[in-house]
Number of protein chains: 2
Amino acid sequence: MADVAERAGVSVSTVSRTLRGMSTVSPEARLRVEQAARDLEFVVSRQASSLVTGRTGNVAVLAPTLSSWFVGCVLQGLSTQLSGAGLDLLIYPVAELAERKAFFERLPARRNADALMVLSFDLTEEETARLDGLGMPVVYVSRKVEGRPSVYVDDVAGGRTATRHLLTLGHRRIAYLCGRRSDGFTYSSRQRRTGCLQALAEAGTEPALVREVPHGRRAALEAIGDLTTLSDPPTAVFAETDELALDLLTALREARIQVPDQLSVSGFDDHPVAEWAGLTTVAQDPVSLGTVAGGLVTELIADPDADPAPHRELPLRFIPRASTVSPGR
Amino acid sequence: MADVAERAGVSVSTVSRTLRGMSTVSPEARLRVEQAARDLEFVVSRQASSLVTGRTGNVAVLAPTLSSWFVGCVLQGLSTQLSGAGLDLLIYPVAELAERKAFFERLPARRNADALMVLSFDLTEEETARLDGLGMPVVYVSRKVEGRPSVYVDDVAGGRTATRHLLTLGHRRIAYLCGRRSDGFTYSSRQRRTGCLQALAEAGTEPALVREVPHGRRAALEAIGDLTTLSDPPTAVFAETDELALDLLTALREARIQVPDQLSVSGFDDHPVAEWAGLTTVAQDPVSLGTVAGGLVTELIADPDADPAPHRELPLRFIPRASTVSPGR
DNA sequence: TTGAAAGCGCTAACAC
DNA sequence: GTGTTAGCGCTTTCAA
């Protein structure tokens, strides 16, 4: 920066002010500084400036994975929003329980970011409390947390809607399938299950058969085998996500069980492939989730006196398709 | 850090040395410092230490999108590898040409990261040269660049293999479909097309019909309409990626064109849904791509005297499935 | 093995 | 409007 100052024939303060777009710089000085900075290909060191301002310009994101469609879309929306605000995205994927513990022990984000976004995790009370003490805004995404900034959909209502649809078609024996993960990426899953059980209770039907399915095709196949060999097997299944539902569809084909004639299948998310697969689903828009969360966190960083716990709920939309029909048809 | 020093009854130098694991600290001092740091929940500020060491502990990634399966998997592998080395992932998604230009004008990574990873882009000579002058290791992923560190698959060979398969089945009229993007995320696409054309030339067949398909179902539908109304329509298509192929399958169903009876379709990637869709494809492992690239960049950061342009090629595997059969069957 | 002290590159308060 | 200067929190000589 000293080089730029010298080349422009001004002091470093003027360079600093110019480069931060402050208005207290004369047009001539500004012009010369900008030219000099360009000539020298000068970029301000964030490390140095954050040392004095206390702001890093980074937003940390705690994500359960990077390879799922849902998470990718959320991050996409988030980054679009943040880059507009001049903030960079620092990503901490924590797939394993061990990584998660390590993250909470070291809390590496502590001094390296201006805010933390927590994606989808079903954190413990203790972990949440830990984050409260972090001294920076923490925004929960795809997850409603009382008293903390959150952006989410109503997963309970979504689960209820999908289940009511199956009930309306005439199904009475309904299974709820959720993915099993070691790290507890199951907040939405729990909520959707709650909605499912609520709908069944309302209808006075027997409660859902709940099964956890580890990731992968083999597990899906086993789960299917398990369900169909019951004395009174389900006629419909509601899967936590479309990705799980698609695994199921593959397994069902392998097991030569016709969908929807022998078994109706509903998913959740409206994954791009769901349309092609003719999968009944509850659509949400993860990109918007990210965008809205990004806007929220930007506000919270800029204005520490803002509403400390704003909530934003995004809409769901039920989409019936070919994978669900009346039983015994 | 001063607080820790006081609490442990030592100087800040000793604290610093202890926390960086240097051996020149007496066991007693080390113990006291570690205890004090734990009591105070102290974490060293990266901003401050990088100011003096010149290393930021960040790796910047230039990615075309975050919502594609391929990119998500690469980032997943990358982050696993990097977090093991204590490095954080800073992500710069540049979807639009304008964003890309902005990135290259400001090169925000310049002082904010220890290395840059470039994902899949078909950069211009000028852009590559620009990155050469960045003064940090630049690793190209899913992209072979002569004279620079690169991790990639042989897309030309992959394109050749898929096309030869179609030729062997008896197809003579073959279309190559690639996505169209404003920002030039087309390096692999170009290579695969080259492989496709090579195979056709070898076979002495007429050259491929090449079509660019903007993202989305409507565009896929139009492309299909365009191809099938030709006087001599293709009997097989080879799509740049499975995601594009799946869009095509949806469009073909809408257009009531039977796959594979009326049209064979091959993809590229082995997306998880490809198996369920019965899509013939060329499989690659993007997670490994990320892992290997992460290992490479870690080495380059740690040892500036290492081989300045290591190349790592990862394998491809052809997987024939139900979507490709002999024509006119 | 330890401590004192000199910066790393920048911002912000203050004086001009 | 502009320059001077005192740190921000750390690492790293250099001496002890």
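Lettering of chains follows the sequences in order, A, B, ..., and the numbering in each one begins at 1. Values below: every heavy atom of this structure, side chains too, minus hydrogens, waters and symmetry copies. Keep in mind that what you see is a predicted model, and the values were worked out from it rather than measured.
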- Taking for each residue the nucleotide of DNA chain D bearing the nearest heavy atom, is the 5' side occupied by B/Q47 or by B/M22?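 Upstream on the strand: B/Q47.
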Which part of the nucleic acid, if any, lies within contact of [X], taking any heavy atom under 4.0 Å across all strands shown: a base, the sugar-phosphate backbone alone, or nothing?
X      : value
A/A29  : sugar-phosphate
B/S45  : sugar-phosphate
B/R111 : sugar-phosphate
B/R20  : base

- Item | Neighbour count >12 (heavy atoms, 6.0 Å) for atom CD, B/E313 |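 Yes, enclosed.
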- Could you tell me whether the side chain of B/D114 and the main chain of B/T56 form a donor-acceptor pair under 3.5 Å?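 Yes: the side chain of B/D114 pairs with the backbone of B/T56.
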- Query: In terms of the nearest nucleotide of DNA chain C, which residue is placed more toward the 5' end: B/R30 or A/S13?
  - Reply: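 Final value for this comparison: B/R30.
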- Charged N to carboxylate O under 4.0 angstrom, A/R143 versus A/D122?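 Looking at A/R143 and A/D122, the cut-off is met.
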With a 3.5 Å cut-off and just heavy-atom distances, do the side chain of [X] and the base of [N] make a donor-acceptor pair?
X     : N     : result
A/T24 : D/dT2 : no
B/S11 : C/dA4 : no
A/R46 : C/dG9 : no

- Query: Would you call B/K144 and B/Y187 a side-chain contact if the rule is heavy atoms closer than 4.5 Å?
  - Reply: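 Yes - at least one pair of side-chain heavy atoms lies under 4.5 Å apart.
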